[in-house]
Amino acid sequence: MQKTSPLFLACSFLFLGVVQAQITDLRSLLAPGATVELLGDGYKFTEGPTPDKNGNVYFTDQPNNTILRWDAASGEISTFAAASGRSNGLYFDKKGNLVACADMDNQMWSFSMDGQHKVLIENYDNKLLNGPNDLWIDAKGGIYFTDPLYKRDYWTRDPAMQQDGQHVYYLSPDKKTLKRVDETLKQPNGIVGNPDGKSLYVADIGDRKTYRYDIQKDGALTNRTLFTAMGSDGMTIDSWGNIYLTGKGVTIFDETGAEIGKIPIDEGWTANVCFGGKDRKTLFITAMDAVYGVKMNVPGAK
């Protein structure tokens, strides 16, 4: 029998370690033996996952102008809206409507469960928005959203920046007042708040940073502090207050900003993440042309 050299074996194990990155989990957040499972593929670019009250997850295939629905009971994926306004980020309001960052005409839309939509926001200061990207809705029904500029080949308008920068906005619960709540970021993207409504997290992907803010009663943001020196495309939060950032896989931070976990995804980019399933213990991940799931010990925040 031909002997294999120790050097060859060492190089082989090193190579496997590079291409088969391992999950790290310092706080036992994942279910025992959990692995990354493919839930669906064959899309063009998946984004914006969000759960409804029953744990079904809605997500977008933005280049194909579609919103899809993953069924928490069967695992089947079906089309919810075949004309979605090129929706990106999604979030359910308290009335069960699906609010969407409709990038086709730089608007915010609200979908009823029969797939019909109405326009919530058309512009700011009589100018188009740059392109609403991601959102979070507070307990009062106010909507925080980010408005970066990513030029789209399907735009019929001037692709130049429409506003005087890339900002974070807040739409009042009565939907009558739209105001800027941070005008100092380079390129805000992912956004999520604590369920107690006291803190908001915003990723400045253009500056590779994520910040935490205190939320005031009128929706204003104060006391911005650096949460971590990492940006993010999308993000979510679990019931223990841990924050999940995306980009290269999923990176998990505790409330202090300490990294406590990493879930590698075998794709070029991980766009967004949420908790779904009947028990809200499936981490649902959109990445390139596919969607993935990981079983968790901890449920998502409600």
Side-chain angles (χ1 to χ4, degrees), residues 23 25 28-43 45-62 64 66-82 84 87-101 110-117 134-137 139 190 192-193 195 233-244 246 249-250 252 261 263 265 267 270-302:
I23 292 172
D25 180 14
S28 299
L29 302 177
L30 278 71
T35 59
V36 178
E37 302 176 18
L38 178 66
L39 302 180
D41 60 3
Y43 310 106
F45 191 85
T46 57
E47 253 287 8
T50 194
D52 65 15
K53 63 181 181 180
N54 297 315
N56 307 303
V57 175
Y58 292 68
F59 65 98
T60 68
D61 185 357
Q62 189 175 25
N64 285 325
T66 305
I67 298 176
L68 300 118
R69 178 184 181 274
W70 173 78
D71 187 276
S74 68
E76 295 181 356
I77 296 175
S78 58
T79 297
F80 168 71
S84 72
S87 289
N88 192 335
L90 306 172
Y91 206 91
F92 276 94
D93 67 18
K94 297 299 182 182
K95 297 180 180 179
N97 300 306
L98 183 62
V99 180
C101 294
S110 175
F111 287 89
S112 57
M113 284 298 93
D114 61 1
Q116 301 299 308
H117 80 271
D134 203 2
L135 75 152
W136 177 73
I137 303 178
V192 73
D233 195 339
M235 62 174 72
T236 195
I237 185 170
D238 67 27
S239 63
W240 296 352
N242 301 308
I243 305 296
Y244 297 64
T246 61
V250 178
I252 310 169
I263 303 173
I265 302 296
E267 297 282 0
T270 301
N272 216 323
V273 63
C274 77
F275 282 85
K278 291 184 176 181
D279 56 4
R280 297 290 284 270
K281 287 187 177 181
T282 296
L283 190 66
F284 191 97
I285 304 162
T286 58
M288 304 299 288
D289 65 349
V291 292
Y292 297 88
V294 180
K295 299 296 184 183
M296 305 294 290
N297 268 334
V298 57
K302 293 185 179 180

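This one's a predicted model, so the numbers in the text were calculated from it and none came from an experiment. For the numbers below, each heavy atom of this structure counts, side chains included, while hydrogens, waters and symmetry mates do not.
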Practice task
Could you check D52 against Y58 for side-chain contact (heavy atoms from CB on, under 4.5 Å), going step by step and ending with a plain yes or no?
Solution key: CA-CA 8 Å; D52 65 15; Y58 292 68; 3.6 Å; yes
Practice task
Given side-chain contact (heavy atoms from CB on, under 4.5 Å), test V99 with I137 step by step and report yes or no.
Solution key: CA-CA 9 Å; V99 180; I137 303 178; 3.8 Å; yes
Handout entry: Derivation of the side-chain contact (heavy atoms from CB on, under 4.5 Å) call for T46 and T60
Key = CA-CA 5 Å; T46 57; T60 68; over 6 Å; no
Handout entry: side-chain contact (heavy atoms from CB on, under 4.5 Å) between L30 and K295, worked out
Key = CA-CA 6 Å; L30 278 71; K295 299 296 184 183; over 6 Å; no
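Shown here for T50 and L90, the closest heavy-atom pair between the two residues is CB-O, 3.5 Å. In terms of heavy-atom proximity, G55 sits nearest to A72 at O-CB, 3.6 Å. What you find for G276 and P51 is that their closest heavy atoms are CA-CB, 4.3 Å. Annotation for Y43 and A290: closest pair CD1-CA, 4.3 Å, computed over non-hydrogen atoms. Residues S84 and A81 come closest through the heavy atom pair CB-O, 4.3 Å. Between P49 and F59, the closest heavy-atom pair is CA-CB, 4.0 Å.
Residues I263 and V294 are in side-chain contact: their nearest non-hydrogen atoms beyond the backbone lie under 4.5 Å apart.
For the ring-ring contact (aromatic ring centres under 6.0 Å, His included) test, no residue two or more places apart in sequence or in another chain qualifies with Y292.
Distance check: Q62 CD to T286 OG1 gives 11.0 Å after rounding to the nearest 0.5 Å. Once rounded to the nearest 0.5 Å, the distance linking CZ of R69 with CG of L98 reads 11.5 Å. The structure places CG of N56 at 9.0 Å from OG of S78, a figure rounded to the nearest 0.5 Å. Distance check, rounded to the nearest 0.5 Å: CG of D61 to CD1 of I67 gives 11.0 Å.
Taking the six-membered ring where tryptophan is involved, the planes of F111 and H117 are tilted, since the angle between them lies from 30° to 60°.
Between the D71 side chain and the E76 main chain, no donor and acceptor come within less than 3.5 Å of each other. At distances below 3.5 Å, at least one donor-acceptor pair connects side-chain atoms of S239 with backbone N or O atoms of P299. Side-chain N or O atoms of K281 include one that pairs as donor or acceptor with a backbone N or O of N297 at under 3.5 Å. Not a single donor-acceptor pair under 3.5 Å links the side chain of R280 to the backbone N or O of K302.
Of the residues listed (W240, F284, Y244), the one engaging F275 in a ring-ring contact (aromatic ring centres under 6.0 Å, His included) is Y244, and it is the only one. Between M235 and the options T246, N272, V192, a side chain to side chain contact (heavy atoms under 4.5 Å, CB included) holds for only V192.
Looking at N64 and T66, their side chains never bring a donor and an acceptor atom within 3.5 Å of each other.
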